[in-house]
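Inspection log for the structure reproduced underneath, given as structure tokens.
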Amino acid sequence: ILAWLCLSFIYFGCSTCTGGCRCCGRRGPTRRHDTITRAYEELGPMTFAEGACLFHFVLMVLLWFFRDLRFITLPSGRAAGWTYFFVPGYFTDGAVCITVAFALFFFPSQPPRFLCCRSSDDEERPGPVPALLDWPSFSARMPWFVPFIFGGGIALAGGVTASGLA
């Protein structure tokens, strides 16, 4: 947060001035400010798919934060958090990532078009909408060598440790 505040002050100046400010010496909007503002306005409003991706990202971060609350100890001696209801060590940060990524294959990329979710000016027939993520686009853009090299390194390290070479 401190880095963000410093960068914001460097690039935008203080938030209270509109020009001729004594604290940051800004005389008016700069080219940097105008360029960033113009680029932000060109983005347009957030689409349903972008909002759904944002929702999944925030969900993943919240699941990471509240997975294991070590600062709250329960009478049983275990730490609080949502993993309390599962076998200890069963859910890790990686399991949260895989679960949220798997949900992207099922969550719709457009608002549903049936019953109460359908708008009055919607002319399309009710039916299924595409998911946020589909397998053909995922497999075409996924650099498959990364998980294979990473997994091979972990397997090699496990083999060296188990054999006693390490």
Quick one: do [X] and [Y] end up in the same hydrophobic cluster if we chain Ile, Leu, Val, Met, Phe, Trp and Tyr together by side-chain heavy atoms under 4.5 Å apart?
X: Tyr90; Y: Leu63; answer: yes
X: Leu54; Y: Phe48; answer: no
X: Phe57; Y: Leu104; answer: no
X: Val146; Y: Phe148; answer: no
X: Trp4; Y: Leu7; answer: no

Show every salt bridge (charged side-chain N to carboxylate O under 4.0 Å, His left out) that has at least one partner inside [range], sequence neighbours left out.
range: residues 84-101; answer: Arg67-Asp93
range: residues 154-165; answer: none
range: residues 47-56; answer: none

Check: residues 155-166 side-chain donor-acceptor pairs under 3.5 Å, at least two apart:
residue	atom	partner	partner atom	Å
Thr161	OG1	Ala157	O	2.8
Ser163	OG	Gly159	O	3.1
Ser163	OG	Val160	O	3.1

ask   = Are Leu132 and Pro108 close enough that some pair of their side-chain heavy atoms sits under 4.5 Å apart?
value =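 No. Closest side-chain heavy atoms not under 4.5 Å.
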
Ring pair (Phe, Tyr, Trp, His ring centres under 6.0 Å) partners of [X], counting only residues at least two apart:
X: Phe106; answer: Phe102
X: Phe107; answer: His56
X: Trp82; answer: Phe91

query = Rounded to the nearest 0.5 Å, how far apart are SG of Cys6 and CD1 of Ile1?
reply =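 It comes to 12.0 Å.
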
ask   = Hey, what do you get for CZ (Phe55) to CE (Met60), rounding to the nearest 0.5 Å?
value =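 Reported to 0.5 Å precision, the distance equals 12.5 Å.
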
message = More than 12 heavy atoms of other residues, nucleotides or ligands under 6.0 Å from CZ of Phe105: yes or no?
response = yes

side-chain contact (heavy atoms from CB on, under 4.5 Å) partners of [X], counting only residues at least two apart:
X: Ile149; value: Phe145
X: Pro130; value: Ser109, Gln110
X: Ile98; value: none

message = Listing request: all side-chain hydrogen bond (donor to acceptor under 3.5 Å, both in side chains) pairs with a residue in residues 139-156, at least two apart in sequence or in separate chains.
response = none

query = Who pairs with Ser137 by side-chain hydrogen bond (donor to acceptor under 3.5 Å, both in side chains), at least two apart in sequence or on another chain?
reply =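 Testing Ser137 for side-chain hydrogen bond (donor to acceptor under 3.5 Å, both in side chains), a comparison that skips the adjacent residues, returns Asp134.
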
